[in-house]
Amino acid sequence: MSEIVDTEKAAILARVQLESGWKNALADALTSESMGSLRQFLTEQKKKELVVFPPNNLIFNAFNTTPFDQVKVVILGQDPYHGARQANGLAFSVQRSIPIPPSLRNIMHELSTDLGIKPAGHGDLTSWAEQGVLLLNSVMTVVEGQPTSHQGRGWEEFTDHVIDVVNEQTNNTVFILWGAYAQKKGQFIDRERHLVLTAVHPSPLAANRGGFFGLKPFSKTNQYLVQHGKSPINWQLN
């Protein structure tokens with residue numbers, strides 16, 4: 001029986017288009033019953049002709065752009081953007097041709113005041129991801145125009161596993177947790193092994209009440225990385 005189960009898991013993993021390091025680290029999660037139910041749910045959504053973001057080839061973009069053995073920083077988001085052509089599979093990031101959303105605009109403002117970096121004319125954070133910043137949404141898909149529409153369908157269990165794997169199998173990683181949702185999801189991160197930076201969510205409603213601006217997460221991240229023999233992140237978008 002175990003051989004049959006192993007064969008089935010191998011077949012599932014063979015169909016997953018995912019960076020090899022992540023595929024190995026997340027094999028149990030990718031072949032779990034919860035993920036199987038999630039795949040079926042997404043298939044049914046497509047059969048209903050619902051538009052789901054990000055597109056299929058970008059759902060795992062965060063992992064494919066930031067290989068497992070290169071992760072230095074994790075920035076945790078909640079859901080992908082639900083507007084047309086916005087989501088590119090990286091938390092808080094949008095396609096270059098799309099106007100910068102309010103939360104990302106506040107992130108850019110904090111970046112400017114923290115490091116003196118001039119805000120870019122776009123919101124594509126791919127260059128961060130390529131340097132080891134895992135831009136992870138807790139829920140990785142959404143229906144167009146329907147925020148939170150894919151919550152409670154299995155993504156949360158999968159991304160909990162992602163956080164656990166990074167927590168347990170890496171050292172001196174920086175976790176940036178903005179908002180109560182992200183902080184609750186990261187509550188079991190080992191603070192002695194990693195640096196955890198928290199703040200309110202960068203959305204205008206939360207950030208303008210205080211507790212986001214002026215906390216300097218970007219310079220603190222780089223200071224910690226350098227202290228532990230890692231190269232700092234060039235936060236200037238290109």
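Side-chain atoms of Q95 and H122 include no donor-acceptor pair closer than 3.5 Å. Checked by atom type, the side-chain pair T141/W155 shows a donor-acceptor distance below 3.5 Å. Side-chain contact of K72 with S231: a donor-acceptor pair under 3.5 Å is present, judged by distance alone. Looking at T170 and T173, their side chains do bring a donor and an acceptor atom within 3.5 Å of each other. A donor and an acceptor atom, one from each side chain of Q78 and N137, are nowhere located under 3.5 Å apart. Side-chain atoms of R193 and N171 form a donor-acceptor pair, as typed in the model, at a separation below 3.5 Å. Counted by atom type alone, D114 and S219 present one or more donor-acceptor pairs between their side chains at under 3.5 Å.
Taking each heavy atom of D124 and L237 in turn, the nearest pair found is O-CD2, 3.7 Å. When all heavy atoms are compared, the tightest approach of S203 to S103 is CA-OG, 3.2 Å. Shown here for S93 and N88, the closest heavy-atom pair between the two residues is OG-ND2, 2.9 Å. Closest of all the heavy-atom pairs between F213 and E110 is CA-OE1, 3.3 Å. Contact between G21 and F68 at its shortest, heavy atoms only, is C-CB, 3.7 Å. The two residues W22 and T66 come nearest to each other via the heavy atoms NE1-O, 2.7 Å.
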After noting the C-alpha distance and the side-chain angles of S127 and N238, does the key distance pass the side-chain contact (heavy atoms from CB on, under 4.5 Å) rule? CA-CA 7 Å; S127 66; N238 51 35; 3.5 Å; yes
Check the pair T148, D79 against side chain to side chain donor-acceptor pair (under 3.5 Å), reporting the backbone distance first and the verdict last. CA-CA 7 Å; T148 73; D79 292 88; over 6 Å; no
Candidate pair F41 and H150, rule ring pair (Phe, Tyr, Trp, His ring centres under 6.0 Å), full reasoning: CA-CA 9 Å; F41 168 73; H150 283 182; 4.9 Å; yes
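A side-chain donor-acceptor contact under 3.5 Å links Y81 to the backbone of F92. Of the possible donor and acceptor atoms, none in the side chain of T65 sits under 3.5 Å from a partner among the backbone N and O of A62. Put simply, the side chain of S32 gets close to the backbone of A29: a donor and an acceptor are under 3.5 Å apart. Panel note: side chain R209, backbone P204; no donor-acceptor pair is recorded below 3.5 Å. Between the side chain of Q70 and the backbone N or O of P67 there is no donor-acceptor pair closer than 3.5 Å. A donor-acceptor pair under 3.5 Å links the side-chain atoms of K220 to the main chain of L215, judged by distance alone. A side-chain donor-acceptor contact under 3.5 Å links K185 to the backbone of E156. Here the side chain of N106 pairs a donor or acceptor atom with the backbone of P202 at under 3.5 angstrom. Judged purely by atom type and a 3.5 angstrom limit, T159 uses its side chain to pair as donor or acceptor with the backbone of S138. Panel note: side chain Q183, backbone A199; a donor-acceptor pair is recorded below 3.5 Å.
Note that the CE atom of M140 and the CG atom of L38 stand 9.5 Å from one another [nearest 0.5 Å]. With values rounded to the nearest 0.5 angstrom, E168 atom CD is found 8.0 Å from H161 atom NE2. Between atom CG of residue N222 and atom CG of residue L115 there is a gap of 6.5 Å, rounded to the nearest 0.5 Å. For the atom pair D28 CG and M35 CE, the distance stands at 12.0 Å (nearest 0.5 Å). Taking CD1 from I59 and CZ from F53, the interatomic distance works out to 12.0 Å, rounded to the nearest 0.5 Å. T221 OG1 to Q223 CD: the interatomic distance, rounded to the nearest 0.5 Å, is 9.0 Å.
Residues V73 and V166 do not share a hydrophobic cluster, defined by chaining ILVMFWY side chains whose heavy atoms lie under 4.5 Å apart. At a threshold of 4.5 Å between side-chain heavy atoms, the hydrophobic network of Ile, Leu, Val, Met, Phe, Trp and Tyr places V139 and V143 in two separate groups. Two different hydrophobic clusters hold L135 and L58 under the rule that ILVMFWY side chains link at heavy-atom gaps under 4.5 Å. There is a path of hydrophobic side-chain contacts, each under 4.5 Å, that joins I189 to L26. Under the 4.5 Å side-chain contact rule for hydrophobic residues, W235 and V71 do not share a cluster.
Checking K46, K47, Q40 one by one against E44, the side-chain hydrogen bond (donor to acceptor under 3.5 Å, both in side chains) holds for a single residue, Q40.
At least one side-chain heavy atom of Q86 sits under 4.5 Å from a side-chain heavy atom of P101. Counting only heavy atoms from C-beta outward, the side chains of W178 and V200 never approach each other to under 4.5 Å. A heavy-atom distance below 4.5 Å is not found between the side chains of H194 and N172. Here the side chains of R39 and V16 are in contact, with some heavy-atom distance below 4.5 Å. With a 4.5 Å cut-off on side-chain heavy atoms, L30 and L13 count as touching. Under the 4.5 Å side-chain criterion, counting only non-hydrogen atoms from C-beta, I75 is not in contact with L136. Side-chain contact check for I163 versus F188: every heavy-atom pair is 4.5 Å or farther apart. With contacts defined as side-chain heavy-atom distances shorter than 4.5 Å, the pair V174/V74 does not qualify.
Heavy atoms from other residues, nucleotides or ligands lying under 6.0 Å from CZ of R96 number more than 12.
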